[in-house]
Amino acid sequence: MIETNVSRHHQTFFQVIQSYYQLTKPRIIPLLLITTAGSMWIAAKGQVDPLLLLVTLTGGTLAAASAQTINCIYDRDIDYDMERTRHRPMPSGKVQPRDALIFAIALATISFTLLAVFANLLAAVLAFSGIVFYILVYTHWLKRHSTQNIVIGGAAGAIPALVGWAAVTGTLSWAAWLIFAIVFLWTPPHFWALALMIRDDYAKVGIPMLPVVKGDTATVRQIWYYTLITVVATVLLVYPLGASGVLYAAIALSLGGLFIHKSWRLLQNPEDRTVARELFLYSISYMMLLCLGMVIDSLPITHHLISAVINRLHFIS
Ligand code: HEM
Ligand SMILES: CC(C)=CCC/C(C)=C/CC/C(C)=C/COP(=O)(O)OP(=O)(O)O
């Protein structure tokens, strides 16, 4: 195991703060929050209490940060051996595992308390179960042992959508589970496109990511199937569930069409890293814009505008 070679005494206060910040893998969190927000807006039929929004997004951020920090502690051996992750605070010795664990426990405690007191117990329990699932099921059980690691483990990344719905309604409905399913099904294309690009890094440390074990062709085929089911799942929110309307349908179909197109190109060019990279980058914009579409579609003003347009069309005909 790599032990510290950077003394904490050599770091300025700002550098220490920065190291803890990096432990939380902050670049992923905004998208988790956008899925939470999409779910909240649909659940609240376009009228979200701003204070509840603030509390839920803050609680979600703290829970995700806690989960990522524990993942950084657990994975510090492989993170040291991989090019992409070598400079993270743990493998580079900037933060000690014990300090990181205290930090993660503090984050989880504040998250649970905040959500339980100012949202509701279901939202708090769901966010906490997201941490437990990500650490136990993904990081501990699956990541190093199964090619299905990110498929099953990916459920953790879909939990924020449930947290959002629960925060607004205090329960979970079919629509909540469908948004969960959309993020769940989107995760394999999102991650395997990246895994194709960094396959050798994972192979080096013996992580059985799909491209390492089954090869590029099998991986792109799986990506293709998951992309298709993801797009189908996005439409179910309109029909039969009726939780979103025509504007969302148009957005979901346009974004989905492009997702399918990019995934098809990868299916035709399994070894082309540029095409894989394009799909990975698009997967992020896709989820961001899809959730934004959920929000805009749910707003009362959108309903008014669409009704006005429909009335005008009736009038003309
Ligand atoms: C088990 C499921 C997932 C795995 C294994 C995974 C893995 C990864 C990896 C390895 C990266 C590259 C990060 C880096 O270079 O440090 C990444 C990037 C990213 N992931 Fe995921 N991801 C998963 C699920 C999710 C989910 C559910 C979301 C949000 C809804 C998400 C959002 C993002 C974003 C926004 C980036 C880009 C970060 C940047 O700008 O560098 N991921 N993902
Ligand atoms: C509600 C709640 C708290 C949910 C937590 C969900 C969560 C933290 C999801 C993140 C999924 C993700 C980006 C995994 C990265 O994989 P990795 O850790 O294998 O990536 P790496 O190779 O960059 O270390």
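The neighbour count for Leu313 CG, taken as heavy atoms of other residues, nucleotides or ligands under 6.0 Å away, is above 12.
With no hydrogens or angles considered, no side-chain donor-acceptor pair links Lys143 and Asn71 at under 3.5 Å.
Looking only at side-chain heavy atoms (C-beta outward), Lys214 and Met209 stay at 4.5 Å or farther from each other. Looking only at side-chain heavy atoms (C-beta outward), Arg221 and Tyr225 come within less than 4.5 Å of each other. Between Arg277 and Leu194 there is no side-chain heavy-atom pair separated by less than 4.5 Å. Proximity of Met287 to Thr35: side-chain heavy atoms (C-beta onward) are separated by under 4.5 Å at one or more points. Residues Gln11 and Gln18 have side chains not in contact (no heavy-atom distance under 4.5 Å, counting atoms from C-beta outward). Using a 4.5 Å cut-off on side-chain heavy atoms (C-beta onward), Pro89 and Tyr20 make no contact. A 4.5 Å side-chain heavy-atom check between Arg84 and Tyr202 finds at least one atom pair inside the cut-off. Side-chain contact between Asp272 and Leu266 is absent, with no heavy atoms from C-beta onward closer than 4.5 Å.
Note: the hydrophobic cluster containing Ile301 also contains Val48 (ILVMFWY, side chain heavy atoms under 4.5 Å, direct or indirect links). There is no path of hydrophobic side-chain contacts, each under 4.5 Å, that joins Ile110 to Leu32. Hydrophobic clustering (ILVMFWY, side-chain heavy atoms < 4.5 Å, transitive): Val168 and Leu178 are in distinct clusters.
Arg273 places a side-chain N or O within 3.5 Å of a backbone atom of Leu196 that can act as its donor or acceptor partner. Put simply, the side chain of Thr85 gets close to the backbone of Asp79: a donor and an acceptor are under 3.5 Å apart. Side-chain atoms of Trp192 never come within 3.5 Å of backbone atoms of Gln222 as a donor-acceptor pair (strictly under, hydrogens ignored). Remark: the backbone N or O of Leu62 is not paired with any side-chain donor or acceptor of Ser66 at under 3.5 angstrom. Looking only at distances, no side-chain donor or acceptor of Ser111 sits under 3.5 Å from a matching main-chain atom of Leu107. Under a 3.5 Å cut-off, the side chain of Asp75 and the backbone N or O of Cys72 do not form any donor-acceptor pair. The main-chain N or O of Tyr282 is never found under 3.5 Å from a side-chain atom of His190 such that the two would form a donor-acceptor pair. Thr139 places a side-chain N or O within donor-acceptor distance of the main-chain N or O of Tyr134, the cut-off being under 3.5 Å. Under a 3.5 Å cut-off, the side chain of Thr302 and the backbone N or O of Ser298 do not form any donor-acceptor pair. A donor-acceptor pair under 3.5 Å links the side-chain atoms of Ser39 to the main chain of Ala161, judged by distance alone.
Of all non-hydrogen atoms in Ala155 and Phe133, the two that sit nearest each other are CB-CE2, 3.8 Å. The minimum heavy-atom distance linking Ile131 with Ala63 is given by the pair CG1-O, 3.5 Å. Nearest heavy-atom pair, Gly157 versus Val183, reported as atom, atom and distance to 0.1 Å: O-CG1, 3.7 Å. Across Ile70 and Ala104, no two heavy atoms sit closer than the pair CG1-CB, 3.5 Å. Of all heavy-atom pairs spanning Leu185 and Pro189, the tightest one is O-CD, 3.3 Å. Summarising the geometry of Gly153 relative to Leu142, their closest heavy-atom pair is N-CD1, 4.0 Å, with the distance given to 0.1 Å.
Residues that satisfy the side chain to side chain donor-acceptor pair (under 3.5 Å) test with Thr24, not counting sequence neighbours, are absent from this structure. Remark: Trp264 engages Trp224 in a ring-ring contact (aromatic ring centres under 6.0 Å, His included) (not counting sequence neighbours). Tyr74 meets the ring-ring contact (aromatic ring centres under 6.0 Å, His included) test with His140; sequence neighbours excluded. With sequence neighbours excluded, no residue satisfies ring-ring contact (aromatic ring centres under 6.0 Å, His included) with Phe118.
Exactly one residue among Gln22, Arg76, Gln96 makes a side-chain contact (heavy atoms from CB on, under 4.5 Å) with Met90. That residue is Arg76.
Classified by interplanar angle (parallel below 30°, tilted 30° to 60°, perpendicular above 60°), the ring pair Phe184/Phe180 is parallel.
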Could you pull out all donor-acceptor pairs under 3.5 Å where a side-chain atom in residues 122-129 meets a protein atom, sequence neighbours excluded?
from: Ser129; atom 1: OG; to: Val125; atom 2: O; distance (Å): 3.3
from: Ser129; atom 1: OG; to: Leu126; atom 2: O; distance (Å): 2.7

List, one per line, each side-chain donor-acceptor pair under 3.5 Å for residues 238-259, sequence neighbours excluded.
from: Tyr248; atom 1: OH; to: Thr234; atom 2: O; distance (Å): 2.7
from: Ser254; atom 1: OG; to: Ala250; atom 2: O; distance (Å): 2.6

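Ion pair Asp77/Arg144 flagged as a salt bridge, since at least one NZ, NE, NH1 or NH2 atom sits closer than 4.0 Å to an Asp/Glu carboxylate oxygen. For the pair Asp81 and Arg86, the salt-bridge criterion is not met [side-chain N within less than 4.0 Å of a carboxylate O]. Asp216 and Arg199 are joined by a salt bridge, as a carboxylate oxygen and a charged side-chain nitrogen come within less than 4.0 angstrom of each other.
Interatomic distance, Leu237 CG to Ile182 CD1, rounded to the nearest 0.5 Å: 5.5 Å. From Lys204, atom NZ reaches atom CG of Asp200 across 9.5 Å, with rounding to the nearest 0.5 Å.
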